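Below: the structure, in structure tokens.
None of these values were measured; they are calculated from a predicted model. Residue numbers start at 1 and run along the sequence shown. All ligand and atom numbering here is 1-based and tracks the order in the structure.
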Amino acid sequence: MAKAPADKPAVAKAAAPKSLTRDTASILAAARTGSKPGPVSKADAPARPAAVAETASTVVKAPPAKLATAPVLPPKPVKPAAKKGADAEQDRRGFLEMALGSFMATGFTALSMTGGLFGLGLARFMFPNVLAEPPSRFKVGFREGFPSGKVETKYVAQYGVWVVNSDVAGQQQIYALKTVCTHLGCTPNWLEAEQKFKCPCHGSGFYKDGVNFEGPAPRPLERYAIRIADDGQLEIDKGRSYHEELGQWADPESYITV
Ligand code: FES
């Protein structure tokens, strides 16, 4: 015997919960009032996508209005090209190379100048200019060229000597006076009108024979050795000097009698 298929739906309907039945009724009631969409039949189905499309279009169209009122952002800064960085690095290297080159050039120049000066000094040391200094011995001519009472000043610049023919303690002598003030070393001037040596620095005065008589000079002028050379000329030797205060003017090598 075949089972009656109509029994199953009856069982299912009887087994359905009471709350579900009540919900379906409430849904249908809400659909009729229009507050909540209810179940749709196949005949009404096309109408719903239109409503959904309308709602979607409303939702989709909203963003453009939002974009229109959005603030305009400033453009992003453009990153410098890598080539510019390379150029800057190259410029920096060039500057450093130039600075280093200048420094080395200056150093080599200073080194060259130092070497040159050292070479000149060495050459000067190896070959001294002995002729720069005047000889300590020199001839000034015959005694006839120095008349009595005369102070010869023409050897002052070259030899630093006055050649004098004068009376000294009752004896006529020719002697050579050193042109150095005994105060602080200035060079006095011979004043023919006043017949004295006068120092321009502090005013010391010396008689014709070299004895000090005014100013701060503490002692007489000095004499150099003098003699008659083999050729008859007077020869002065600056390598030897004679001090009056020491009694050395009495030495016959400090004068020539006339
Ligand atoms: S140096 Fe001659 S008076 Fe002073």
Side-chain angles (χ1 to χ4, degrees), residues 117 120-258:
L117 291 175
L120 286 175
L122 184 62
R124 178 80 177 178
F125 175 76
M126 296 297 291
F127 305 99
N129 188 5
V130 295
L131 298 177
E133 293 292 329
S136 63
R137 287 188 179 190
F138 53 92
K139 294 177 180 177
V140 294
F142 298 96
R143 71 175 73 186
E144 291 77 16
F146 304 94
S148 177
K150 171 82 173 175
V151 175
E152 184 55 70
T153 60
K154 68 181 180 181
Y155 302 109
V156 172
Q158 185 175 3
Y159 297 114
V161 166
W162 290 295
V163 181
V164 184
N165 184 340
S166 178
D167 180 88
V168 178
Q171 185 182 36
Q172 199 70 26
Q173 299 179 352
I174 295 178
Y175 48 88
L177 286 177
K178 184 177 180 180
T179 61
V180 176
C181 178
T182 54
H183 178 220
L184 292 177
C186 292
T187 301
N189 299 307
W190 167 246
L191 304 181
E192 181 69 26
E194 302 178 35
Q195 292 289 295
K196 67 176 183 181
F197 300 100
K198 187 70 173 177
C199 182
C201 293
H202 309 98
S204 293
F206 305 85
Y207 294 123
K208 185 185 290 184
D209 59 4
V211 176
N212 57 304
F213 68 94
E214 64 180 353
R219 56 189 177 86
L221 299 173
E222 298 176 15
R223 289 182 179 183
Y224 287 130
I226 186 170
R227 74 181 187 100
I228 299 177
D230 296 340
D231 59 358
Q233 294 190 66
L234 304 183
E235 183 182 76
I236 298 172
D237 184 2
K238 293 179 67 175
R240 292 179 292 158
S241 59
Y242 299 86
H243 296 231
E244 191 276 341
E245 69 274 16
L246 299 178
Q248 295 174 343
W249 283 10
D251 191 324
E253 293 188 347
S254 69
Y255 64 89
I256 293 173
T257 55
V258 180

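Both the backbone and the side chain of Ser204 come within 4.0 Å of ligand 1, judged by heavy-atom distances. Of the heavy atoms in Cys186, both backbone and side-chain atoms come closer than 4.0 Å to ligand 1.
Sorting the N, O or S atoms of His183 by how far they are from atom 4 (Fe) of ligand 1 puts ND1 first. In His202, the N, O or S atom that comes nearest to atom 4 (Fe) of ligand 1 is ND1.
Summarising the geometry, atom CD belonging to Glu222 is positioned 7.5 Å from atom CD belonging to Glu245; distances are rounded to the nearest 0.5 Å.
Taking every non-hydrogen atom of Cys181 and a distance limit under 4.0 Å, the qualifying atoms of ligand 1 come out as 1 (S), 2 (Fe), 3 (S).
Between Lys198 and Glu214, at least one side-chain nitrogen of the basic residue sits less than 4.0 Å from a carboxylate oxygen of the acidic one, meeting the salt-bridge criterion. Look at Glu235 and Arg227 and you find a salt bridge, because one of the NZ, NE, NH1 or NH2 atoms lies within 4.0 Å of a carboxylate O, short of that distance.
Comparing Cys199, Gly185, Gly215 against atom 2 (Fe) of ligand 1, the shortest heavy-atom distance belongs to Cys199.
Looking at atom 1 (S) of ligand 1, its nearest protein heavy atom turns out to be Leu184 N, 3.3 Å.
Relative ring orientation between His183 and His202 is described as perpendicular, the plane-to-plane angle rising above 60° on a 0-90° scale split at 30° and 60°.
A distance below 6.0 Å separates the ring centres of Phe197 and Trp162.
Checking each of Lys178, Arg223, Arg137 against Asp237 for a salt bridge (Lys or Arg N to Asp or Glu O under 4.0 Å) leaves exactly one that passes, namely Arg137.
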